[in-house]
Number of protein chains: 2
Amino acid sequence: MASIHDVARVAGVSASTVSNVLNGRHERMQAETKARVLRAIEELGYTPNALAQQFKSGRNRTIGLIVPSVANPFWGALAHRVERAATALGYKVLFCNAERDPQLETRYAETLLASGVRGVIFSSSPLSFDHLSHLTRRGLVVAAFDRRGHGAEEVVACSVSIDNELGGKLAGQHLVGLGHRRIGFISGPIKTSSRVGRLNGLRAAMAKAGLELDPDLVWQGAGIGGYGDTEGPELGRIGIRELLSRDDPPTAVVTINDMYAIGGYAGARDLGASIPGDISVVGFDDIDLAAVVHPALTTVRQPLAAMAETAVQALIRVLEGTNEGAEPHVSATPQLIVRASTAPPRDRTHPNNGAR
Amino acid sequence: MASIHDVARVAGVSASTVSNVLNGRHERMQAETKARVLRAIEELGYTPNALAQQFKSGRNRTIGLIVPSVANPFWGALAHRVERAATALGYKVLFCNAERDPQLETRYAETLLASGVRGVIFSSSPLSFDHLSHLTRRGLVVAAFDRRGHGAEEVVACSVSIDNELGGKLAGQHLVGLGHRRIGFISGPIKTSSRVGRLNGLRAAMAKAGLELDPDLVWQGAGIGGYGDTEGPELGRIGIRELLSRDDPPTAVVTINDMYAIGGYAGARDLGASIPGDISVVGFDDIDLAAVVHPALTTVRQPLAAMAETAVQALIRVLEGTNEGAEPHVSATPQLIVRASTAPPRDRTHPNNGAR
DNA sequence: GTGAAAGCGCTAACAC
DNA sequence: GTGTTAGCGCTTTCAC
């Protein structure tokens with residue numbers, strides 16, 4: 001492949017002149033020289049060796065995005081949005097699947113850092129980022145998606161999330177408003193800040209109505225990988241079956257995301273239970289599929305596109321040192337999208353529910 | 001960040017000795033020297049600068065994967081499998097979303113090549129790769145997923161696909177065997193080799209039974225992006241509604257993938273048509289969701305994991321020059337998974353179907 | 001305005 | 001066995 005020297009030779013100039021043209025330092029350059037260089041570049045079909053550029057400059061206009069699992073279209077959509085936002089700023093994106101495994105996360109982050117990627121967005125954030133602190137000390141800049149930074153958190157440079165607690169509240173208020181008193185929660189391990197927040201929000205909404213969230217109705221599936229993303233629908237299916245089989249089953253459930261909810265549909269059908277007749281279901285995310293399944297899913301929407309843009313922009317500002325004084329955390333507002341999977345409980349005088 | 005020289009200094013050796021340790025050339029090295037080097041590495045928390053390594057060696061053990069859209073979990077699953085296969089061989093993967101847009105594909109391929117990535121897997125292959133020929137001349141190695149290489153195809157180094165025509169045939173035979181005579185086909189633009197193949201297979205299966213595929217029943221949706229991936233479910237929904245509204249509607253449809261099929265479920269419901277009572281549906285891919293939706297989807301499975309592995313291994317063999325004599329194309333066998341979305345047509349003596 | 005030269009961190013001949 | 005040396009392709013002072 002042609003190098004900068006080939007271009008220089010063909011144009012009859014030196015390599016540094018070519019470099020100057022390439023890097024836009026041609027203000028006070030003779031138009032003629034510049035034209036010759038450009039012609040030579042054209043003629044040779046020359047592209048600068050990006051590797052060499054990065055190597056030399058130390059920067060490489062690439063950010064990393066670590067997602068738990070691209071099997072959930074929500075993360076796929078996020079990846080897409082992040083890529084668009086990054087491209088708009090002249091950055092590229094390296095995607096990695098880390099399955100929420102801290103070890104894998106660390107390994108990927110190390111690899112990225114070693115490849116010259118300084119900024120990485122972690123898209124489903126563990127409760128702690130301690131496992132990354134040795135990398136941030138070496139220059140890694142961490143952006144957290146799906147998490148609210150805690151004050152003392154030195155590891156995370158910026159973060160974006162919906163107010164997960166509010167999201168849980170919205171779901172809870174909606175169900176309580178419909179008359180539900182026994183509400184279940186179906187999730188993978190509740191070990192990420194978003195999961196904890198959503199559960200807390202639900203609990204708070206119920207408390208406000210004088211209801212208690214029965215801990216027996218909080219179902220946590222453990223996937224093969226430990227966090228049950230790939231298996232979301234499968235876990236939702238099992239979870240709802242188990243909850244419906246309890247002595248005193250819930251009349252509604254909130255699931256940790258839409259894929260769990262869709263699996264929940266299957267689980268309810270397995271037992272001959274109808275949605276929303278026998279059980280109401282609220283999801284999280286509002287993936288495209290939520291409007292397509294039957295019954296259309298009531299869910300808490302995350303404003304994904306805006307969040308992705310915010311995260312990318314904040315991260316890049318930090319990388320470029322132009323983030324002075326900016327808020328380290330941006331909170332987006334979730335929105336309840338009411339569709340057809342929620343309705344008043346069928347039997348409000350059921351002995352176990354108690355008379356109103 | 002610590003460099004190889006820092007390590008050398010601390011260990012009291014030269015940089016090349018450190019390099020030798022790093023690169024496993026320590027067979028006839030004094031155990032003591034090696035130990036000192038390792039201790040120094042440990043002490044400094046040294047990681048080789050991968051950028052510099054790549055830059056120097058020209059190779060970077062990274063491959064690219066260009067997918068049409070991560071909004072379809074099938075591609076997400078593929079990405080995951082590719083990543084696993086690549087990791088097992090010590091390679092990393094750079095993912096890109098190209099929306100099946102040849103221009104975007106070209107741009108990404110250029111970027112990848114400029115970043116030192118020589119091998120790229122194109123995961124949903126256009127009918128022609130001509131737009132990439134200038135890049136292959138500059139050293140890009142193209143692997144095609146989802147496409148059968150044509151003899152004269154010089155651009156593609158290796159390819160993997162299911163036998164799409166056989167896939168279409170399996171779907172067709174199944175439906176014909178159930179007694180269907182009017183079968184529709186729902187797809188985005190039929191401009192990729194896999195889509196053409198599937199349609200041809202369906203047509204062939206029908207022809208074998210003395211049936212003709214009515215061109216009016218071949219529905220091609222055009223998405224915003226032109227290829228309708230992101231909008232798969234939405235297009236499936238519209239497609240089935242349009243086909244069911246024909247004067248002489250089909251009693252079964254084959255959709256280009258499972259996401260279209262799931263959208264088709266919604267479309268049928270929109271019109272009050274039941275599946276499989278009023279219309280049978282066959283998908284393609286067998287994504288996880290296929291078993292979860294109701295009714296469980298009959299579909300043509302692609303053996304994804306094996307295909308991803310094959311593609312990655314073949315590509316890497318070509319990159320490393322150890323592919324002598326290997327078959328440039330590997331064909332995987334699709335498999336019909338019969339579930340609950342297909343059944344005999346309800347009214348086999350319907351006037352429009354003609355008496356049997 | 002343009003060119004010469006040094007060097008980023010690493011690898012790989014080739015000395016020793 | 002280990003060290004010396006010469007670059008990889010580019011950017012960037014700093015002369016001229």
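Chain identifiers are assigned alphabetically (A, B, ...) following the order of the sequence lines, protein sequences preceding nucleic acid strands; residue numbering begins at 1 within each chain.
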Taking only residues two or more places apart in sequence, or in another chain, which ones meet [X] in a side chain to side chain donor-acceptor pair (under 3.5 Å)?
X	result
Thr106(A)	none
Arg36(A)	Glu32(A)
Arg107(B)	none
Arg39(B)	none

Quiz item: For Ser14(A) and dA4(C), is the shortest distance between a side-chain N/O and OP1 or OP2 below 4.0 Å?
Solution: no

Quiz item: Can you check the Lys34(A) NZ to dT2(C) P distance for me, whole Å?
Solution: 12 Å

Quiz item: Expressed in angstrom and rounded to an integer, what is the separation of Gln30(B) atom CD from dG3(D) atom P?
Solution: 10 Å

Practice problem: Let me have a per-nucleotide readout for nucleotides 9-16 of chain D, 5' to 3', with B, S or -, counting only protein heavy atoms under 4.0 Å. | Solution: BBBB----

Quiz item: So which pairs with a foot in residues 74-98 of chain A pass salt bridge (charged side-chain N to carboxylate O under 4.0 Å, His left out), sequence neighbours left out?
Solution: none

